[in-house]
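In each ligand, atom 1 is the first atom listed, and ligand 1 is the first ligand listed. Side chains are part of it too, since the values below use all heavy atoms of this structure and drop only hydrogens, waters and symmetry mates.
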Amino acid sequence: MILAGCDGDRTWRLQDYVARGGYAALRRIVAEKIPQDTIIGELKTSVLRGRGGAGFPTGLKWSFMPRSFPGDKYLACNSDEGEPGTFKDRDILRYNPHSVIEGMAIAAYAMGAARGYNYIHGEIFEVYQRFEEALAEARTAGLIGQNILGSDFSFELFAHHGYGAYICGEETALLESIEGKKGQPRFKPPFPASYGLYGKPTTINNTETFASVPFIMNMGGEAFLNLGKPNNGGMKLFSVSGHVNRPGNYEIPLGTPFSELLEMAGGMRGGRKLKAVIPGGSSAPVVPGSVMMDCTMDYDSISKAGSMLGSGAVIVMDETTCMVKALERLSYFYFEESCGQCTPCREGTGWLYRVVHRIENGLGRPDDLDLLNSVTANIMGRTICALGDAASMPVQSFVKHFGAEFEYHIENKKCLVPPEVQRAGS
Ligand code: SF4
């Protein structure tokens, strides 16, 4: 759907997007003056769930925007994409940026927003430049700006690049960053729908979410829903990385068996055995390979397996993986990226990293696993934003499912997976 036909050099160009049916939905909405409620109703029917990680129903989120607000309302697209394992949004912006522009224009029409910003991860600058070029094309063609397509609907859209801080992908930190302040999350409530960018009502959606909107408006909410399964409408992009033969982005219907996705990604590298999968980006709990093989790729099935679909970043690990070392790297990431505003996260993420680091380096203590569980329990639910939980959930799940490997490290001062086996898989 979003990346279909996007395998040439010029697929990002306006001309190519229009040839693929692009901007037909926006043209129809503007020409027929389709009521805002009809558009939001179509989104609700589609059960498009937010593709950034939280999985919140998009139509419902749009309905939270106040209708009769005396002043500007804003839209923000979250293209910050800093979650380890996730690399789908940058490909949407690289190969099909106009789907995001059209999706944002339709969203602006449906919610009465006057201005929008696409916040793009700062470490992929060429993607930001490409989006700017696509914006210029859309502006010249009268698809954004004043009096879009000769109508009385106006919407200004701007690109904004971040500087690589993971926390700026948190929606309120993203707003702070657009405002030119330090990117730190705000207390909620108030929620952005009532007090967002510059204190005005704001709706924030992920890149893939906005990019899905034109397709829903063209095919209808019901048809989109039926592509997936009940409560899990449509297609979804999955970024598959790790020990597979063909890592990359795969756009598949929600509800597709994990085993099929693994096959699309070329199967396990070297024919090795699947050990574990992180199915939804590094914040999602790890799932043992045997459990994962019975899952389908949708929000409900992954949740039943004790994890989250998240952003759809599927990290595949084979039997050569040392789970202690894997967790050490993840824990360092969260320690490094904590914004430091709240004590449980600022101190706790460092504490988690140091304990896992010492276990990995043969200095673990007998009560370290209890300590890890205790520290995570004291972080979760006690922080301003979800980073504290995101740092804790991997630790809890690694210890729960692979505790024997951690205990072996502590008792024997070395890894259960011999170094030569680890090297073979690296
Ligand atoms: Fe910052 Fe962590 Fe608190 Fe989030 S949980 S506001 S990242 S210190």
Side-chain angles (χ1 to χ4, degrees), residues 50 52-56 61 76 78-86 89 119-123 160-199 202 204-206 278 280-286 307-308 310-311 313 327-357 371-399:
F56 193 80
K61 190 183 232 188
N78 188 343
S79 299
D80 195 46
E81 191 168 60
E83 180 91 342
T86 312
D89 295 337
Y119 190 98
I120 300 171
H121 192 81
E123 287 163 327
H160 184 106
H161 74 83
Y163 291 88
Y166 172 68
I167 197 58
C168 287
E170 197 279 340
E171 59 179 14
T172 56
L174 181 149
L175 299 179
E176 290 282 297
S177 180
I178 293 177
E179 290 179 7
K181 301 176 193 154
K182 187 155 71 169
Q184 287 188 321
R186 298 174 182 169
F187 278 104
K188 286 188 278 191
F191 293 96
S194 56
Y195 188 93
L197 194 60
Y198 306 114
T202 304
I204 305 148
N205 280 127
N206 166 258
I278 301 177
S282 64
S283 308
V286 68
S307 189
M308 304 184 304
S311 56
L327 181 62
E328 183 194 21
R329 292 178 69 168
L330 288 181
S331 296
Y332 182 76
F333 174 79
Y334 290 106
F335 163 50
E336 176 75 17
E337 296 294 338
S338 167
C339 84
Q341 259 192 121
C342 30
T343 309
C345 174
R346 185 187 61 242
E347 301 302 322
T349 51
W351 201 351
L352 291 175
Y353 166 65
R354 287 191 297 275
V355 173
V356 179
H357 179 74
L371 180 60
L372 286 175
N373 282 326
S374 163
V375 173
T376 56
N378 281 292
I379 296 174
M380 289 188 73
R382 293 180 162 89
T383 54
I384 295 172
C385 86
L387 191 142
D389 288 10
S392 302
M393 286 187 292
V395 175
Q396 289 179 343
S397 61
F398 271 70
V399 170

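- Short contacts between ligand 1 and S338, defined as distances under 4.0 Å to a heavy atom of the residue, involve ligand atoms 2 (Fe), 8 (S).
- Protein heavy atom nearest atom 5 (S) of ligand 1, with residue, atom name and distance: T383 CB, 3.4 Å.
- K188 contributes no side-chain N or O that, together with a main-chain N or O of C385, makes up a donor-acceptor pair within less than 3.5 Å.
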Quiz item: Yes or no on side-chain contact (heavy atoms from CB on, under 4.5 Å) for T172 and Y195, after CA distance, side-chain angles and deciding distance?
Solution: CA-CA 10 Å; T172 56; Y195 188 93; over 6 Å; no

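- Considering R329, E336, E328 as possible partners of Y332, the one that fulfils the side-chain hydrogen bond (donor to acceptor under 3.5 Å, both in side chains) test is E336.
- Residue C168 is tested with N78, D80, I178, L175 for a side-chain contact (heavy atoms from CB on, under 4.5 Å); the sole match is D80.
- Taking every non-hydrogen atom of I384 and a distance limit under 4.0 Å, the qualifying atoms of ligand 1 come out as 6 (S).
- When ring centroids are compared, Y119 and H121 stay outside the 6.0 Å threshold.
- In the vicinity of C345, heavy-atom distances shorter than 4.0 Å reach the ligand 1 atoms 2 (Fe), 5 (S), 8 (S).
- Within ligand 1, counting atoms from 1 as listed, the ones closer than 4.0 Å to a heavy atom of P185 are 6 (S).
- Closest to atom 3 (Fe) of ligand 1 among all protein heavy atoms lies C342 SG, 2.1 Å.
- Among protein heavy atoms, the minimum distance from atom 1 (Fe) of ligand 1 is reached at C339 SG, 2.3 Å.
- Between Y353 and F335, the two ring planes are parallel [angle under 30°; tilted spans 30° to 60°].
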Practice problem: Check step by step if side-chain contact (heavy atoms from CB on, under 4.5 Å) holds for S392 and Y334. | Solution: CA-CA 9 Å; S392 302; Y334 290 106; over 6 Å; no

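- The residue T349 has no part lying near ligand 1, judged by heavy-atom distances below 4.0 Å.
- Residue contact annotation: C385 places an N/O/S atom under 2.8 Å from atom 4 (Fe) of ligand 1.
- Among all protein heavy atoms, the one lying closest to atom 6 (S) of ligand 1 is Q341 NE2, 3.5 Å.
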